[in-house]
Amino acid sequence: MKRKDFPKKFEWGIASSAYQTEGAWNIDEKGPSIWDTFTNAKNFTEGNGNTATDFYHSYKEDILKIKDLNLSSFRFSISWSRIFPDGIGAPNPKGVAFYHAVIATCLEHKITPWVTLYHWDLPQKLEEKGGWTNREILHWFAHYVEFCSLEYGDKVKNWMVLNEPMSYVGLGYFLGEHAPGKTGLQNFLPAAHHTVLCQAIGGKILRKNNKNACIGTTFSCSQVTPKNILRRNLNAAKRLDALLNRFFIEPALGLGYPTESLPGLKKIEKYFKPGDEELMQFDFDFIGIQYYFRIVAHYSLFPPILFAKEIPATKRNVKTNTMGMEIYHKGLYKMLKKFSKYKGVKNIYITEAGTCLEDSLKNGTINDKERIKYFKKNFKQVLKAIDKGIKVKGYFIWTLVDNFEWAEGTKPRFGIIHNDFKTQERRFKRSALWFQKFLSKD
Ligand code: GAL
C-alpha cells in the first residue's frame with residue numbers, strides 16, 4: 001500500500017486531546033475540570049492525568065515529531081478550564097497564550113491545526129451548577145465558543161465542536177464510569193439534549209465569526225451486528241444502533257431524535273423548549289467519525305428501555321486489543337457507508353481510529369507489527385469507501401504518544417510513539433517508522 005493510492009488532497013493527521021496529554025493540571029491559573037476531580041478522588045484507582053504526557057511543556061518537541069513523521073495535520077482540543085478557570089467570566093491570559101503558542105508552532109512547521117472545542121473536560125465549577133444537565137450550559141458554552149472563535153479564528157480554519165457526545169453523555173451521565181460519575185436517565189436525558197443544542201450553537205457561532213471556517217463535529221460509531229437473525233435480536237441490534245450511531249447526528253440534520261426506533265427515550269421531549277427543533281440543527285461542513293470496534297447484540301430484559309445487551313468481544317473468540325475491543329476492520333467501511341447516506345453529510349473525516357496493544361520493549365525497540373497491520377487493514381477499508389464514491393477526506397491516527405486513557409489510566413497504549421510515564425522519554429515504535437516512510441513524498 002502506498003500513499004499514492006489515496007487522493008492527493010487526502011488529509012493525514014494525528015489526533016489527541018487536552019486532558020489525556022497536557023498535564024499541568026493546576027498551574028498557570030488553570031481551573032480544575034471534572035476529569036481532575038474524578039481522577040484525583042480517593043475511590044479512583046487508575047492514577048490521574050495531573051502530568052499525563054506533559055504536553056503543556058513538551059508541545060514544541062511533540063509537534064516537531066508530527067512533522068518528522070510526515071503528517072500534515074494535528075487535531076488537539078482546548079481545555080475549557082485553562083481558558084476560563086470558572087467556566088465563565090474572565091479569560092486566563094496564560095491559558096489563552098498556551099494555545100496561541102501551540103497553534104503558532106504548528107503553523108511554523110506547516111502542520112495544519114484542527115481544533116476540538118470540547119473533548120470531555122468540563123470546568124468543575126460548571127459541574128457544580130449541574131454541568132451538562134443544566135440548560136444554562138447553552139450560555140456557558142456559547143460564551144466559551146465565542147471567545148475561542150474570535151481569539152484563534154484568524155489562524156485556525158478547521159474546527160470540531162464536540163468529541164463523541166455519546167461517549168461522554170453515556171459514560172459520564174448514565175453509567176457513571178467517566179467524569180462526572182453521574183448515573184440514570186434523569187441525568188442522561190437533559191445532558192444529551194443540552195449537548196445536541198450546544199453542538200449546533202457552537203457550529204453557528206463559528207460560522208458567524210469565521211467566514212472561511214471548515215466546521216465539523218465528531219461521533220463515535222460501532223457497527224452493531226445481531227447475534228443471529230431471530231427477530232428479537234434483530235430489533236435489539238436496531239435499538240442499540242439508534243442509540244450509539246444515530247442519536248446525536250440526526251437532530252443536527254433536522255431529523256429529530258430517532259425515538260421511533262427507541263421509544264424508551266421519548267421522554268427526552270420533556271426537556272424541549274419551544275424552538276428547540278430548529279436550534280438543534282446545523283449545516284456542518286464535515287462530520288468526523290471515530291471507529292474502534294463493533295458490537296454484537298442480543299435481546300435482553302435488562303436494561304429496560306434498551307432491552308438489548310452486548311456480547312463482550314472477549315467472550316466471542318475474536319481478535320481483541322488490550323481494552324477488550326474487537327478488532328474488526330470491515331466495520332469501518334460499513335460506518336463510512338452508513339454515515340455517507342445521510343443527505344446532510346457532505347464530507348467525512350475519520351477523526352480518530354487506532355488501537356491499544358501489548359507494546360513490549362525488546363532490544364531497545366517496540367516492534368508493534370500488529371499495529372502496522374491494523375492501520376494497513378483500516379486503510380484498505382478507507383480505499384474501498386473512496387472507490388465507491390464515499391467522500392472520505394482524511395484520517396487522523398489515534399494517537400501520537402501513549403497517553404492517559406480516561407478511566408483506564410495509562411495501561412492501554414494507543415500511541416505510535418512509546419512514552420515512559422516516569423521520565424517522559426518518547427521512543428518511536430516500529431509503527432511510527434512505518435508511517436514516516438509511508439507518508440514520505442519522495
Ligand atoms: C475515543 C476518545 C479518545 C480516546 C480513544 C481511545 O473514544 O475520543 O479520547 O480515548 O477513544 O479509546
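As the structure is a prediction and not an experimental result, all values here were calculated from the model. Read the numbers this way: they start at 1 and go in the same order the structure lists the ligands and their atoms. Residues: numbered from 1 along the sequence shown.
- Checked against a 6.0 Å centroid threshold, the rings of Tyr118 and Trp132 count as neighbours.
- Using bins of under 30°, 30° to 60° and over 60° for the plane-to-plane angle, the ring pair Phe404/Phe44 lands in the tilted bin.
- A cation-pi arrangement, defined by a distance under 6.0 Å to the six-membered ring centre and an angle within 45 degrees of its axis, is absent between Arg239 and Phe307.
- If you look at ligand 1, the protein residues with a non-hydrogen atom under 4.0 Å away are Gln20, His119, Trp120, Asn163, Glu164, Gln290, Tyr292, Glu352, Trp398, Glu405, Trp406, Phe414.
- A side-chain hydrogen bond (donor to acceptor under 3.5 Å, both in side chains) with Asp402 is found for exactly one of Arg426, Gln20, Lys429, namely Lys429.
- Heavy-atom neighbours of Lys125 NZ from other residues, nucleotides or ligands within 6.0 Å: at or below the threshold of 12.
- At a threshold of 4.0 Å, the pair Arg82-Glu29 does not count as salt-bridged, since none of the basic side-chain nitrogens sits closer than that to a carboxylate oxygen.
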